[in-house]
Amino acid sequence: MLQISYIRLHADTVKERLAVKNFKDISLVDELLQLDENLRQQKTATETLQASINAASKEIGMLMGKGDKDTAEQKKQEVASLKNELSEKNAALVALEENFNNKILLLPNLPHTSVPLGKTPEDNEVVREGGAKPNLPANAQPHWELIKKYDLIDFETGARLTGSGFPLYKGKGAKLQRALIQYFLDYNTQAGYTEYLPPLMVNEATAYGTGQLPDKEGQMYHITADGFYMIPTAEVPVTNVYSNEIVKETSLPIKMTAYTPCFRREAGSFGADVRGLNRVHQFDKVEIIQLVHPAKSYDVLEEMVQHVEKLLQLLELPYRILRLCGGDMSFASALTYDFEVFSAAQQKWLEVSSVSNFETFQTNRMKVRYKDESGKTQLVHSLNGSSLALPRIVAALLENNQTEDGIHLPKVLHNYFGATGIEGII
RNA sequence: GGAGACGUGUCCGAGUGGUUGAAGGAGCACGCCUGGAAAGUGUGUAUACGGGAAACUGUAUCAAGGGUUCGAAUCCCUUCGUCUCCGCCA
């Protein structure tokens, strides 16, 4: 959530930046400023009245102490009429506040100045590519065929148990998931991230904290009986670990990593995009999250990009890094790099990670702060990235490494998987 | 799921209607003391928002939300959470 104090001082910048994000309702900024003005006026009026009531009440207390009941009674009468006035003013204030709070949540984060202009994924900027695309034979198979051939995932039974998009991993398919999760977590903890295993459902306040609500209500599974949401990413519970806390400046940066299954409703997709593992409702992901000093967040963003890039290199996958354009960025992000791997049989780039700096957008909602040298309370910056989302990594590993006699796996996975590759059926 | 107890500041802990944002202690910060440290000693030590150039000041906050009252940490209701006992259970 943007800070109104910032909007007050930089309204024009805010509008200009929102335009870069293709935010339609720019007039909301002026509306908010007007609301803010009214709100503050109303607040001053209400509090002044409250102050006089408080003073009178204290006086009554003292009069009672002295035993001067008559004067006290008289005071009570006075206060009673003031209270009527107060309740009117209060009602107006509450209405204004509610309106203001609802509206300011609708403003997305401001994009960083380096964000490219654009509306669609085509406008994203390719920062760099790495790894070599394999030369596959003409009869190379897409991963969903390979999955069948080696009996790694049973999509049909998953669909019967739950619904489409809920894969049932099996045999070496299940073991490969476990190996990847373990490897990714080890890779992250070696880089200084603390491992967490969070709840997979969160309450409403937590979902607001990272910006999933109210923006993405429809994308999360909602357990209505208890008011919980299935997490769409570990980012949601883990970033909130420090919500409503004032952390020591010396404890920054806080580096956290977590493996969780992720649940996404993802309505509205169809066709080849959702074939096999390309898009599913439940998938595994290892996430990295940092809470950092504001002055360092863009350095940390680069560091996290390099961290994920190295991981893709170790997995020996061809990848590219995109800087997302204003129109393709998420609501809460100030700058986002997407990572895509090339899945050679499909001849498709698949997104496997998204690394973002949210600056104070999330921490303002969650109230994660520190005290600076002068003792002032400041919001920290939050960042996160996937390292990595598993299904599309699996798709690319299968497709790119397929041979006549099986799937070869990159060296780093051999120990975790307990074999150098997947050969034959089971 | 049933019965009971409880939820106060960074922590411990007092406080059952009236200058209580909250005693006392610990911790922490700064100063004094010391050759240096410890001990001792003095001062300070929440957050948010509003007003103000600032000093400062107003309001709110004793789990959360509502209510009673001129006045609530203190009384009432609801919710959430913790603990104990019982039940159930991986």
Side-chain angles (χ1 to χ4, degrees), chain A residues 1-9 32-105 197-209 213 223-229 237 240-252 254 360-380:
Chain A
M1 164 169 86
L2 298 180
Q3 297 173 82
I4 189 66
S5 53
Y6 181 85
I7 302 176
R8 282 204 284 259
L9 294 173
L32 273 165
L33 285 171
Q34 186 57 54
L35 272 173
D36 175 54
E37 189 61 40
N38 298 345
L39 187 60
R40 283 188 294 163
Q41 257 176 35
Q42 189 66 34
K43 193 161 196 160
T44 306
T46 309
E47 288 184 354
T48 308
L49 189 55
Q50 181 70 57
S52 59
I53 291 174
N54 286 352
S57 295
K58 250 179 205 176
E59 230 178 296
I60 292 170
M62 290 195 289
L63 289 168
M64 299 286 272
K66 278 191 239 161
D68 188 350
K69 286 205 172 137
D70 293 346
T71 321
E73 274 309 315
Q74 204 182 320
K75 274 274 166 205
K76 282 194 196 179
Q77 299 302 320
E78 279 176 43
V79 173
S81 76
L82 287 180
K83 279 191 74 177
N84 282 331
E85 203 185 324
L86 180 68
S87 72
E88 276 173 39
K89 281 199 158 65
N90 233 343
L93 180 64
V94 167
L96 269 170
E97 269 174 346
E98 199 174 320
N99 193 8
F100 177 84
N101 291 337
N102 289 337
K103 292 231 159 98
I104 199 164
L105 284 174
L197 186 62
L200 304 183
M201 297 180 205
V202 294
N203 60 30
E204 209 173 72
T206 303
Y208 268 100
L213 290 178
I223 289 95
T224 50
D226 301 283
F228 297 151
Y229 292 88
N240 274 282
V241 163
Y242 286 90
S243 60
N244 294 307
E245 280 194 37
I246 297 179
V247 299
K248 286 222 162 60
E249 189 174 0
T250 51
S251 70
L252 300 175
I254 293 166
T360 59
F361 193 83
Q362 296 182 326
T363 53
N364 187 32
R365 291 185 176 199
M366 293 187 295
K367 303 296 175 223
V368 187
R369 296 148 297 171
Y370 72 97
K371 287 211 194 268
D372 65 19
E373 319 75 47
S374 69
K376 261 194 84 177
T377 313
Q378 306 281 2
L379 294 167
V380 308

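Side chains included, hydrogens not; waters and symmetry mates left out as well; all remaining heavy atoms used. Labels below follow one simple rule: chain letters A, B, ... track the order of the sequence lines, proteins then strands, and each chain is numbered from 1.
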Look at all strands and tell whether [X] reaches a base, only sugar-phosphate, or nothing, counting heavy atoms closer than 4.0 Å.
X	value
A:K75	nothing
A:T48	nothing
A:L39	nothing

Could you tell me whether the phosphate oxygens of [N], OP1 or OP2, come under 4.0 Å of any side-chain nitrogen or oxygen in [X]?
X	N	value
A:N54	B:A60	yes
A:R8	B:G50	yes
A:K83	B:G71	yes
A:R40	B:G51	yes
A:Q50	B:A60	yes
A:T377	B:A48	yes

task = Apply side chain to side chain contact (heavy atoms under 4.5 Å, CB included) to A:T46 and A:Q50, showing your working.
result = CA-CA 6 Å; A:T46 309; A:Q50 181 70 57; 5.6 Å; no
query = Mapping A:A51 and A:M64 to their closest nucleotides on RNA chain B, which lands nearer the 5' end?
reply = A:M64
note = Between A:D36 and A:A55, the residue closer to the 5' end of RNA chain B by nearest nucleotide is A:D36
query = What do the steps show when you test A:V247 against A:Y242 for side chain to side chain contact (heavy atoms under 4.5 Å, CB included), and what is the final call?
reply = CA-CA 8 Å; A:V247 299; A:Y242 286 90; 3.7 Å; yes
Distance between the [atom1] atoms of [N] and [M], in whole angstroms?
N	M	atom1	result
B:A73	B:U68	P	16 Å
B:G13	B:C86	C1'	32 Å
B:G21	B:U59	P	10 Å
B:G27	B:C11	P	16 Å
B:A29	B:U84	C1'	40 Å
B:A3	B:G71	C1'	37 Å
B:G17	B:C85	C1'	35 Å
B:C75	B:A26	P	30 Å

message = Strictly by Watson-Crick or wobble contacts shorter than 3.5 Å, is anything paired with B:C70, and which nucleotide is it?
response = B:G18
key: Partner nucleotide of B:C80 by Watson-Crick or wobble geometry (both distances under 3.5 Å)   = B:G7
inquiry  = Working note: A:M201 + A:D226, criterion side chain to side chain contact (heavy atoms under 4.5 Å, CB included); need CA distance, chi angles, decisive distance, verdict.
reply    = CA-CA 10 Å; A:M201 297 180 205; A:D226 301 283; over 6 Å; no
ask   = Considering only side-chain heavy atoms of A:E47, which listed nucleotide, B:U59, B:G71, B:U19, is closest?
value = B:U59
query = Within the side chain of A:D36, is there an N or O that forms a donor-acceptor pair under 3.5 Å with the backbone of A:L32?
reply = no
key: Any A:Y208 side-chain heavy atom under 4.5 Å of A:L105 side chain   = yes
Separation of B:G50 C1' from A:Q42 CD (nearest whole Å) = 13 Å
request  = Return yes if a side-chain donor-acceptor contact under 3.5 Å exists between A:N102 and A:E98, otherwise no.
outcome  = no
